[in-house]
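Working notes, beginning with the structure itself.
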Amino acid sequence: EISIHKIELKVKSILESTAASYDLLAKNKNITIKIDADEQTSILGDKFIIETVIGNLLDNAIKFSPDNSEIVLSERKEDNFIEISVADRGRGMDEITLNSIFYQNHHISTSGTNNERGTGLGLKICKEFIDLHCGTIEVESELSKGSKFKVKFPVA
């Protein structure tokens with residue numbers, strides 16, 4: 001059971017603070033994190049949970065990106081939702097993985113480009129957190145070309 005305290009959150013501020021938390025990890029692989037977000041865009045959400053979701057997606061993007069690459073955190077308005085995306089140019093995923101990553105009944109952990117390890121639980125938990133916010137998550141990915149995770153939250 002998780003208690004949610006929704007407040008108005010500036011998306012750019014959330015992206016900047018989350019990126020700052022992962023700056024050292026990115027620098028260790030010489031990865032640049034670019035943020036493309038409007039100062040005024042807001043969502044209604046629990047700050048800790050939203051930062052946890054974006055942080056997990058960013059951590060995965062760093063984990064699966066090659067050295068000397070770029071990750072883009074961006075936002076855009078779509079109808080009554082704000083879409084936040086985390087895009088990398090990493091190893092990408094095959095169709096089987098794409099169809100199961102949010103619904104795993106067992107733990108699957110894949111090593112990153114520098115043999116980084118994870119728990120295999122992150123994306124499933126992210127989906128549950130996003131569901132609590134009446135949002136959605138989807139992914140576009142292609143092997144050897146990268147992945148783009150898109151999370152949609154209701155406009156504040």
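Side-chain atoms of N56 and I125, non-hydrogen and from C-beta on, never get closer than 4.5 Å to each other. Proximity of R91 to K145: side-chain heavy atoms (C-beta onward) are nowhere separated by under 4.5 Å.
Under a 4.0 Å N-O distance rule, the pair E140/K148 does not qualify as a salt bridge. Look at K127 and D131 and you find a salt bridge, because one of the NZ, NE, NH1 or NH2 atoms lies within 4.0 Å of a carboxylate O, short of that distance.
For G90 against P66, the heavy-atom pair with the smallest separation is CA-CD, 3.8 Å. For the residue pair L73 and L15, the shortest heavy atom distance occurs at CD1-O, 4.0 Å. Of all the heavy atoms in S141 and M93, the pair that sits closest is OG-N, 2.8 Å. The minimum heavy-atom distance between G45 and L9, with the atom names listed, is O-CD1, 3.4 Å. Shortest non-hydrogen contact noted between I82 and S42 is CG1-O, 3.8 Å. Minimum heavy-atom separation, K12 to A37: CD-O, 3.3 Å.
Clustering ILVMFWY residues whenever any of their side-chain heavy atoms sit less than 4.5 angstrom apart, transitively, puts V72 in a cluster other than the one holding V139. I7 and F129 fall within a single hydrophobic cluster, where Ile, Leu, Val, Met, Phe, Trp and Tyr are joined by side-chain heavy atoms under 4.5 Å apart, directly or via other members. Linking Ile, Leu, Val, Met, Phe, Trp and Tyr residues whenever their side-chain heavy atoms come within less than 4.5 Å leaves I4 and L44 in two separate clusters. Both Y22 and F149 are part of a single hydrophobic cluster, where members link through side-chain heavy atoms under 4.5 Å apart. Put simply, V53 and F81 are part of two different groups of oily side chains (I, L, V, M, F, W, Y) that touch within less than 4.5 Å, one to the next.
Between the side chains of N30 and N68, at least one donor-acceptor pair of N or O atoms lies under 3.5 Å. No side-chain donor-acceptor contact under 3.5 Å links T32 and E70. Side-chain contact annotation: E51 with T18, donor-acceptor N/O pair under 3.5 Å absent.
Atoms CD1 and CD1, from I31 and I33 in turn, are 7.5 Å apart once rounded to the nearest 0.5 Å. Here the straight-line distance linking atom CD1 of I137 with atom CG of L57 works out to 5.0 Å at 0.5 Å rounding. Here K47 contributes atom NZ and S17 contributes atom OG; the two are 5.0 Å apart, rounded to the nearest 0.5 Å. Note that OG of S3 is 8.0 Å distant from CD1 of I49, once rounded to the nearest 0.5 Å. Taking OG1 of T41 as the reference point, atom CD1 of I84 lies at 9.5 Å (rounded to 0.5 Å).
E128 pairs by the side-chain contact (heavy atoms from CB on, under 4.5 Å) definition with K124, not counting sequence neighbours. Applying the side-chain contact (heavy atoms from CB on, under 4.5 Å) test to L143 and every residue at least two apart in sequence or in another chain returns D94. Applying the side-chain contact (heavy atoms from CB on, under 4.5 Å) criterion to E78, with sequence neighbours excluded, gives R76, E83, K152.
Side-chain atoms of D46 come within 3.5 Å of backbone atoms of H5 as a donor-acceptor pair (strictly under, hydrogens ignored).
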Would D38 and E75 count as a side-chain contact (heavy atoms from CB on, under 4.5 Å) if you check the C-alpha gap in whole Å, the side-chain angles of each, and the deciding distance to 0.1 Å? CA-CA 8 Å; D38 185 278; E75 60 84 6; 3.3 Å; yes
Kindly determine whether S65 and I71 satisfy side-chain contact (heavy atoms from CB on, under 4.5 Å), including the steps that lead there. CA-CA 8 Å; S65 290; I71 295 168; 4.0 Å; yes
List the steps and the verdict of side-chain contact (heavy atoms from CB on, under 4.5 Å) for I43 and V11. CA-CA 7 Å; I43 59 173; V11 173; 3.8 Å; yes
With side-chain contact (heavy atoms from CB on, under 4.5 Å) as the criterion, how do E16 and I35 come out once you've worked through the C-alpha distance, each side chain's angles and the decisive distance to 0.1 Å? CA-CA 7 Å; E16 289 173 340; I35 298 174; 3.7 Å; yes
